[in-house]
Participant: 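One structure is given below, represented as structure tokens, and several questions about it will come after.
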Amino acid sequence: MYNFEKIEKKWQKYWETSQVFKAENGSEKPPYYILVEFPYPSGSGLHVGHVRSYAAQDAIARMKRMQGYNVLYPMGWDAFGSPAEQYAIKNHIHPKDAVRENIKTFKSQMQSLGFSFDWSREFSTTDPEYYKWTQWQFLQFYKNGMAYKDKVKVNWCPNCKVVLSNEDAAGGVCERCGSPVIQKEKSQWMLRMSNYAEDLLKGLDDTNFADKIKLGQINWIGKSTGVEVDIDIKDGGKFSIFTTCIETIYGITFFCIAPDGKLIKELMPRVQNKDEVNAYIEETLKKSSMDRTELNKGKSGVEVKGVKAINPVNGKEVPIFLGDFVLGDYGTGAVMAVPAHDQRDFEYAQAHNLDVIEVITGGNIKEKAYEKYDYLENPDSVLINSCEFSGLKVSDAKEAITKMLEKKGIARRVNNYKMRDWIFSRQRFWGEPIPMIKCEKCGWVPMNEEDLPLLLPDVTEYEPTDNGESPLAKITDWVNTTCPKCGGPAKRETDTMPNWAGSSWYFLRFMDPHNDKEFASMDAMKYWGKVNWYNGGMEHVARHLLYARFWVQFLYNIGLVPNKEMIWTRVSHGMILGPNGEKMSKSKGNVVNPDDIIKEFGSDALRTYEMFIGDYEKDAAWSLNGLKGCKKFLDRIYRLGEKLIKSDEYSKETEILMNQTIKKVTLDLDSIKYNTAISAIMILLNELEKLDNITTKDYRTILQLLNPIAPHITEELNEMYELGDKFCNSTWLEYDENKLENITFTMVVQVNGKVRGKIDVSSSTTEDEMKKLALTIENVKNFTNGKEIAKVIVIPKKLVNIVVK
RNA sequence: GCCUGUGUGGUGGAAUUGGUAGACGCGUUGGACUCAAAAUCCAAUGGUAGCAAUAUCGUGUCGGUUCGAGUCCGACCACAGGCACCA
């Protein structure tokens with residue numbers, strides 16, 4: 001048992017006063033930027049899950065420093081957002097006061113874990129010095145035509161009285177409070193993210209994200225390539241449809257249009273069954289797009305009577321239906337329906353008694369639709385019932401029909417994206433105020449950049465208004481202002497930004513956090529380059545990562561950042577689950593507080609355990625016994641110092657293992673395999689314990705290998721036994737390539753692939769010798785005697801497999 | 001429904017990417033030390049049979065490829081996450 005409390009405090013103090021972890025901009029050392037998602041400083045304090053990722057990145061940071069890099073490992077606070085606001089509403093304190101307290105707690109918890117953050121770069125997204133630049137960047141979006149105000153149908157949470165982004169309303173319920181989301185029209189600030197769909201896809205090639213993470217991005221963007229076709233309406237008018245399956249155009253038996261789209265409004269005067277249609281529209285508007293697009297739902301819809309569409313390829317008159325599965329804001333808000341070759345259309349046709357016309361051979365359309373996934377893979381499928389295109393293969397028909405329609409001037413090849421523009425307004429208090437002013441004469445006018453930051457006022461009420469306006473709307477002193485353009489009376493925008501805003505560029509600010517001339521200097525950003533490792537939760541992979549990439553790409557395009565992608569590798573850690581294997585939560589009573597663990601076992605033990613707990617990228621359940629095992633390991637490391645003899649050579653018995661372990665730990669830390677790195681150190685410890693004496697070099701080496709993971713105890717022992725420089729000022733370990741191989745190896749002998757014997761032989765044994773030796777083993781003879789040896793396979797320095805008949 | 005993962009002892013997990021399955025840790029059992037306990041140390045520990053040597057079965061299931069499969073291929077099952085009438 002060592003006095004971890006005293007030791008840990010001592011070294012934390014030393015690191016703080018000596019500023020060894022301070023990163024220098026423009027240093028001659030090669031830069032290395034390690035980033036971990038900055039936390040939202042919640043009231044409940046640091047979670048053991050935070051510890052996992054900070055400890056992991058800390059280990060890399062410490063090793064990289066020893067390897068001679070100028071490491072930037074910063075920490076800050078993502079402190080805008082609704083939990084602080086909700087807390088403020090409940091407890092009648094200003095969110096900024098609550099946030100200040102929470103940050104204090106988080107910071108002291110982090111410091112008690114000895115993370116090597118460069119605290120000189122700390123900031124919070126709620127600091128006016130920071131959000132000034134978030135506002136400034138918004139103005140750049142605006143000035144470049146990328147921000148606009150639009151009346152859009154938005155997800156409205158009646159409980160929180162806020163508009164939610166499409167992403168925040170997943171599942172048809174408010175992400176924050178769980179209430180059902182309804183659809184409501186509201187004027188919102190929007191960012192033209194859809195302009196970047198193609199660039200965001202292409203940019204993935206310039207990153208080193210894992211495939212599953214790239215796929216997450218690709219799925220969000222949701223590109224589909226197809227054809228937009230103009231459709232004439234009988235007796236005047238027309239509309240467009242978008243399809244990815246133009247080859248089925250002769251199979252159209254009806255069209256389906258969005259109940260919430262513009263087209264139905266235009267058609268209304270001609271509609272015969274107005275009551276029915278209106279009722280259906282009203283019904284649809286109650287539903288979120290999530291509800292509308294849910295599978296296993298009745299194929300609801302009504303025919304729009306009195307209006308017919310003309311199939312452009314054969315002049316047939318076709319009925320038009322309203323269907324809520326067609327969304328007004330995706331594609332053109334209208335689709336062609338081909339029941340023979342689309343299962344959804346097929347079921348719709350059955351429900352509404354519509355024709356089914358087969359146009360591609362190979363399926364059984366009496367039972368179900370023969371869909372593109374199937375016919376595209378069937379080389380025998382050809383078109384039928386398609387006039388001059390009948391007999392063509394599907395891929396040829398696709399091209400031929402498209403060309404024919406293009407020639408007629410009624411079709412265009414287009415790409416559609418699921419990803420929509422980013423709804424950037426929130427009717428909240430605790431966010432960055434949007435620096436826009438509405439003038440009676442001039443309309444929307446951006447604030448003068450030199451007037452930023454636009455500060456949040458100090459008030460006592462944070463409740464949103466009942467009509468959904470931000471609490472800021474009630475503060476008339478703040479709202480009333482003058483127009484920057486004409487000087488006339490004007491009002492400020494009262495919406496604030498979403499909390500994704502501040503986190504979309506914080507990694508740039510860390511490169512130059514105290515700059516009051518720019519959000520970060522080009523020199524600083526060029527020096528640091530891309531973030532080498534970005535760690536965070538899997539839950540942020542789709543949204544946060546996409547927003548951040550979009551933000552950076554925009555800044556790049558207006559010449560303000562040096563790279564189009566600023567993040568090279570993204571790593572996501574698995575969750576730490578409760579001891580029962582379930583997600584930790586207060587309600588389940590399975591929350592582990594890191595403070596308690598540090599107090600009882602020390603932060604080195606906690607760090608070591610969380611690194612040893614399992615595969616870093618997978619979830620793992622908390623285990624007190626596992627933690628105790630790691631504490632025991634550190635105690636043994638401590639006691640190992642009792643049998644030191646002075647020597648700057650490795651003990652002969654462990655020289656090979658030493659070199660092997662240095663190699664393994666170095667490689668494992670570089671590839672986030674912390675659990676096997678620790679396991680290798682444990683194996684080394686087991687061997688060293690067997691010796692009567694170990695050399696000071698042995699000891700220093702094992703301590704240094706462990707230092708990135710358990711920095712306090714290793715620094716202490718290194719100092720106590722005067723083994724050398726402090727690790728935080730040392731260079732990393734080298735291994736000798738010539739001393740990685742043992743003089744003997746265990747040769748495995750198989751007969752027909754089954755292990756029948758093992759024998760230790762010299763590493764210099766040749767393949768022929770291995771063969772001969774194999775056949776001398778008694779048990780091997782038992783299986784080969786009297787049989788014909790057909791083949792002998794030799795894997796050098798590993799095994800011999802004898803194949804007998 | 002689609003996409004992406006995952007599936008290995010009592011348990012957390014290893015396995016050099018096709019070459020000894022179960023490293024390392026936990027737990028359990030036995031032993032040493034102790035008046036006793038804790039701590040520590042030593043030994044054993046996938047199932048079955050056997051005193052043992054050893055044999056046999058064994059990485060979700062069923063097949064296949066291979067001298068050899070946890071790893072590759074095909075089909076399926078279960079769980080987790082994501083997306084979704086996206087035309």
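Every chain is numbered from 1 and lettered A, B, ... according to where its sequence line falls, protein lines coming before strand lines.
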Participant: So does A/Lys643 have more than 12 non-hydrogen atoms from other groups sitting under 6.0 Å from NZ?
Facilitator: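 More than 12 heavy atoms, drawn from other residues, nucleotides or ligands, come within 6.0 Å of this atom.
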Participant: Under 4.0 Å: is that the gap between some side-chain N or O of A/Thr244 and OP1 or OP2 of B/C86?
Facilitator: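 Looking at the OP1 and OP2 atoms of B/C86, neither is under 4.0 Å from any side-chain N or O of A/Thr244.
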Participant: Whole Å only: how far is the CG atom of A/Leu799 from the P atom of B/A69?
Facilitator: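 After rounding, the gap between these two atoms is 12 Å.
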Participant: Could you tell me the separation between the OH atom of A/Tyr674 and the C1' atom of B/C24, rounded to a whole number of Å?
Facilitator: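 Rounded to whole Å, this separation is 18 Å.
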Participant: For nucleotides B/C77 and B/U29, find the distance between their P atoms and express it as a whole number of Å.
Facilitator: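 Taking atom P in both B/C77 and B/U29, they lie 42 Å apart.
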Participant: Select base, sugar-phosphate, or nothing to describe what A/Tyr616 touches, counting heavy atoms under 4.0 Å on all strands.
Facilitator: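 No contact.
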Participant: Taking atom C1' of B/C3 as reference, at what distance in whole Å does atom CD of A/Gln217 sit?
Facilitator: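 It is 15 Å, rounded to the nearest whole Å.
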Participant: If you assign A/Asp345 and A/Val755 each to the RNA chain B nucleotide with the nearest heavy atom, which residue ends up on the more 5' nucleotide?
Facilitator: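 It is A/Val755 whose nearest nucleotide is closer to the 5' end.
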Participant: On the nucleotide B/C24, are OP1 or OP2 found under 4.0 Å from the side-chain N or O atoms that A/Arg636 carries?
Facilitator: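 So the side-chain polar atoms of A/Arg636 never come under 4.0 Å of the phosphate oxygens OP1 or OP2 of B/C24.
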Participant: Below 4.0 angstrom from OP1 or OP2 of B/C67, is there any side-chain N or O of A/Lys791?
Facilitator: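 Yes, because at least one side-chain N or O of A/Lys791 sits under 4.0 Å from OP1 or OP2 of B/C67.
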Participant: Does B/C83 have a Watson-Crick or wobble mate here (both distances under 3.5 Å), and if so which one?
Facilitator: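 Partner of B/C83: B/G1.
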Participant: May I ask you to say what A/Asn416 touches in the nucleic acid, namely base, sugar-phosphate or nothing, with a heavy-atom cut-off under 4.0 Å?
Facilitator: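 Nothing, no heavy atom under 4.0 Å.
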Participant: In the strands shown, is B/U48 matched to any nucleotide by a Watson-Crick or G-U wobble pair with both distances under 3.5 Å, and which?
Facilitator: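 Here B/U48 is engaged in a pair, and the nucleotide opposite it is B/A55.
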Participant: Quick one: on RNA chain B, does A/Cys245 or A/Asn219 contact a more 5' nucleotide (nearest heavy atom)?
Facilitator: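 Comparing both residues, the 5'-ward one is A/Asn219.
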Participant: According to the interplanar angle, ranging from 0 to 90°, do the rings of A/Tyr638 and A/Tyr2 count as parallel (below 30°), tilted (30 to 60°) or perpendicular (above 60°)?
Facilitator: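 Answer is parallel, since the angle falls under 30°.
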Participant: Using a heavy-atom cut-off of 4.0 Å across all strands, would you classify A/Val335 as base, sugar-phosphate, or nothing?
Facilitator: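 Result for A/Val335 = base.
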Participant: Does one side chain, of A/Thr744 or A/Asp760, offer a donor that lies under 3.5 Å from an acceptor on the other?
Facilitator: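 Side chains of A/Thr744 and A/Asp760: no pair found under 3.5 Å.
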Participant: Any idea if B/U17 is syn or anti, going by the 90°-from-0 cut?
Facilitator: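 Judged by the O4'-C1' to base torsion, B/U17 sits in syn, the angle falling within 90° of 0.
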Participant: Which part of the nucleic acid does A/Ser623 contact within heavy-atom distance under 4.0 Å: base, sugar-phosphate only, or nothing?
Facilitator: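 If one applies the 4.0 Å heavy-atom cut-off, A/Ser623 turns out to touch nothing in the nucleic acid.
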Participant: Is the phosphate of B/C26 approached by A/Lys631 (side-chain N or O, under 4.0 Å from OP1 or OP2)?
Facilitator: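 Result: no.
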Participant: I'd like to know whether NZ of A/Lys797 has more than 12 heavy-atom contacts from other residues, nucleotides or ligands below 6.0 angstrom.
Facilitator: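 No - once you tally the heavy atoms of other residues, nucleotides and ligands closer than 6.0 Å, there are 12 at most.
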Participant: Counting only Watson-Crick or G-U wobble pairs whose two distances fall under 3.5 Å, which nucleotide matches B/A36?
Facilitator: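 B/A36 is unpaired by these criteria.
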Participant: Can you tell me the Watson-Crick or wobble partner of B/U61, both distances under 3.5 angstrom?
Facilitator: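 Pair assignment: B/U61 / B/A75.
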Participant: With no angle test and no hydrogens, is the base of B/C67 tied to the side chain of A/Asn801 by a donor-acceptor pair under 3.5 Å?
Facilitator: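 For A/Asn801, whose side chain was compared with the base of B/C67, there is a donor-acceptor pair (under 3.5 Å).
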Participant: Nearest-Å distance, CZ (A/Phe745) to C1' (B/G19)?
Facilitator: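 Rounded to whole Å, this separation is 13 Å.
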Participant: Pick base, sugar-phosphate or nothing for A/Asn779, based on heavy-atom distances below 4.0 Å to the nucleic acid.
Facilitator: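 Sugar-phosphate, no base atom in range.
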Participant: Base, sugar-phosphate, or nothing for A/Gly222, non-hydrogen atoms under 4.0 angstrom?
Facilitator: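 It contacts nothing in the nucleic acid.
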Participant: Is the distance from OP1 or OP2 of B/G19 to the nearest side-chain N or O of A/Lys797 less than 4.0 Å?
Facilitator: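 Indeed not, no polar side-chain atom of A/Lys797 lies that close.
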Participant: Nearest to the side chain of A/Thr676, heavy atoms from C-beta on, is which of B/A14, B/G19, B/C24?
Facilitator: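 When the side chain of A/Thr676 is considered, B/A14 is the closest of B/A14, B/G19, B/C24.
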Participant: Please pick, from B/C24, B/U40, B/U20, the nucleotide with the shortest atom-to-atom distance to any side-chain atom of A/Lys632.
Facilitator: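 Nearest listed nucleotide: B/U40.
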Participant: In this structure, how many angstroms lie between the P atom of B/A87 and the CZ atom of A/Arg413, rounded?
Facilitator: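 It works out to 18 Å between those atoms.
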Participant: Between A/Arg756 and B/U20, does any side-chain N or O lie under 4.0 Å from OP1 or OP2?
Facilitator: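 Looking at the OP1 and OP2 atoms of B/U20, neither is under 4.0 Å from any side-chain N or O of A/Arg756.
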Participant: Name the residue from A/Phe239, A/Phe321, A/Tyr348 that meets the ring pair (Phe, Tyr, Trp, His ring centres under 6.0 Å) definition with A/Phe255.
Facilitator: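 Result: among A/Phe239, A/Phe321, A/Tyr348, A/Phe239 is the only option passing the ring pair (Phe, Tyr, Trp, His ring centres under 6.0 Å) with A/Phe255.
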Participant: Would you mind reading off the distance between A/Asn415 atom CG and B/A87 atom P, rounded to a whole angstrom?
Facilitator: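 Taking CG of A/Asn415 and P of B/A87, I get 12 Å after rounding.
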Participant: Determine whether a donor-acceptor pair (N or O, by modelled atom type, separation under 3.5 Å) exists between the side chain of A/Asp345 and the backbone of A/Val338.
Facilitator: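 It does hold such a pair.
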Participant: Could you work out the separation of B/U11 and B/U16 based on their C1' atoms and round it to a whole Å?
Facilitator: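 The answer is 26 Å between these two C1' atoms.
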Participant: Rounded to whole angstrom units, what separation is found between the CZ atom of A/Phe239 and the C1' atom of B/A87?
Facilitator: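 Computing the A/Phe239:CZ to B/A87:C1' distance gives 13 Å.
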Participant: Sort out the partner of B/U66 for me: Watson-Crick or G-U wobble, both distances under 3.5 Å, none otherwise.
Facilitator: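 Paired with no nucleotide.
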Participant: Count the heavy atoms belonging to other residues, nucleotides or ligands that lie under 6.0 Å from NZ of A/Lys781, then report whether that count exceeds 12.
Facilitator: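 Counting other residues, nucleotides and ligands, NZ of A/Lys781 exceeds 12 neighbours.
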Participant: Does CD belonging to A/Glu5 count more than 12 external heavy atoms closer than 6.0 Å?
Facilitator: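 Counting other residues, nucleotides and ligands, CD of A/Glu5 stays at 12 neighbours or fewer.
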Participant: Please determine, for the side chain of A/Asn625, which listed nucleotide (B/C26, B/A84, B/G19) has the closest atom?
Facilitator: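 That would be B/C26.
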Participant: Quick check for you: among B/A87, B/C3, B/C86, whose closest atom lies nearest to any side-chain atom of A/Arg420?
Facilitator: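 Nucleotide nearest to A/Arg420's side chain: B/C86.
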Participant: For A/Ile793 and B/G18, what is the distance between atoms CD1 and C1' respectively, to the nearest whole Å?
Facilitator: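 Value for this atom pair: 12 Å.
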Participant: Using the purine O4'-C1'-N9-C4 or pyrimidine O4'-C1'-N1-C2 torsion, is B/G46 syn (within 90° of 0) or anti?
Facilitator: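 Anti, which is what one calls it when the glycosidic angle falls more than 90° from 0.
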Participant: Between B/A21 and B/G46, how far apart are the C1' atoms? Round to whole Å, please.
Facilitator: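 Approximately 10 Å lies between the C1' atom of B/G46 and that of B/A21.
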Participant: Does OP1 or OP2 of B/C41 have a side-chain N or O of A/Arg639 closer than 4.0 Å?
Facilitator: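 Indeed, a polar side-chain atom of A/Arg639 lies that close.
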Participant: Please tell me which of the listed nucleotides, B/A84, B/G25, B/A14, lies nearest to the side chain of A/Lys418?
Facilitator: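 Taking heavy atoms from C-beta onward, the closest nucleotide is B/A84.
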Participant: Taking only side-chain nitrogens and oxygens of A/Asn675, does any of them come within less than 4.0 Å of OP1 or OP2 of B/A14?
Facilitator: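 True: A/Asn675 side-chain N/O within range (under 4.0 Å) of B/A14 OP1/OP2.
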Participant: Between A/Lys663 and A/Glu737, is there a donor-acceptor pair closer than 3.5 Å when you use the side chain of the first and the backbone of the second?
Facilitator: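 No, A/Lys663 side chain to A/Glu737 backbone: no donor-acceptor pair under 3.5 Å.
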Participant: What does A/Leu215 touch in the nucleic acid at a heavy-atom separation under 4.0 angstrom: a base, only the sugar-phosphate, or nothing?
Facilitator: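 Sugar-phosphate: the residue A/Leu215, judged by heavy atoms under 4.0 Å, touches backbone atoms but no base.
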Participant: Would you indicate, yes or no, if B/G81 has its OP1 or OP2 atom less than 4.0 angstrom from a side-chain nitrogen or oxygen of A/Lys618?
Facilitator: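 Answer is no, no contact under 4.0 Å.
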Participant: Please measure how far the P atom in B/A78 lies from the corresponding atom in B/A87, and state the result in whole Å.
Facilitator: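 That atom pair is separated by 28 Å.
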Participant: Under 3.5 Å for both donor-acceptor distances, Watson-Crick or wobble: does B/A43 have a partner, and if so which one?
Facilitator: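 When the pairing criteria are applied, B/U29 turns out to be the nucleotide that pairs with B/A43.
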Participant: Give one of base, sugar-phosphate or nothing for A/Lys690, where a contact means two heavy atoms less than 4.0 Å apart.
Facilitator: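 If one applies the 4.0 Å heavy-atom cut-off, A/Lys690 turns out to touch nothing in the nucleic acid.
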Participant: Closer than 4.0 Å, any side-chain N/O of A/Asn782 to the OP1 or OP2 of B/A55?
Facilitator: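 Result: no.
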Participant: Just by distance, do the side chain of A/Thr332 and the backbone of A/Ser240 share a donor-acceptor pair under 3.5 Å?
Facilitator: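 Present.
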Participant: Considering every strand and a 4.0 Å limit on heavy-atom distances, what is the contact class for A/Asp342: base, sugar-phosphate, or nothing?
Facilitator: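 No contact at all - A/Asp342 keeps every heavy atom at 4.0 Å or more from the nucleic acid.
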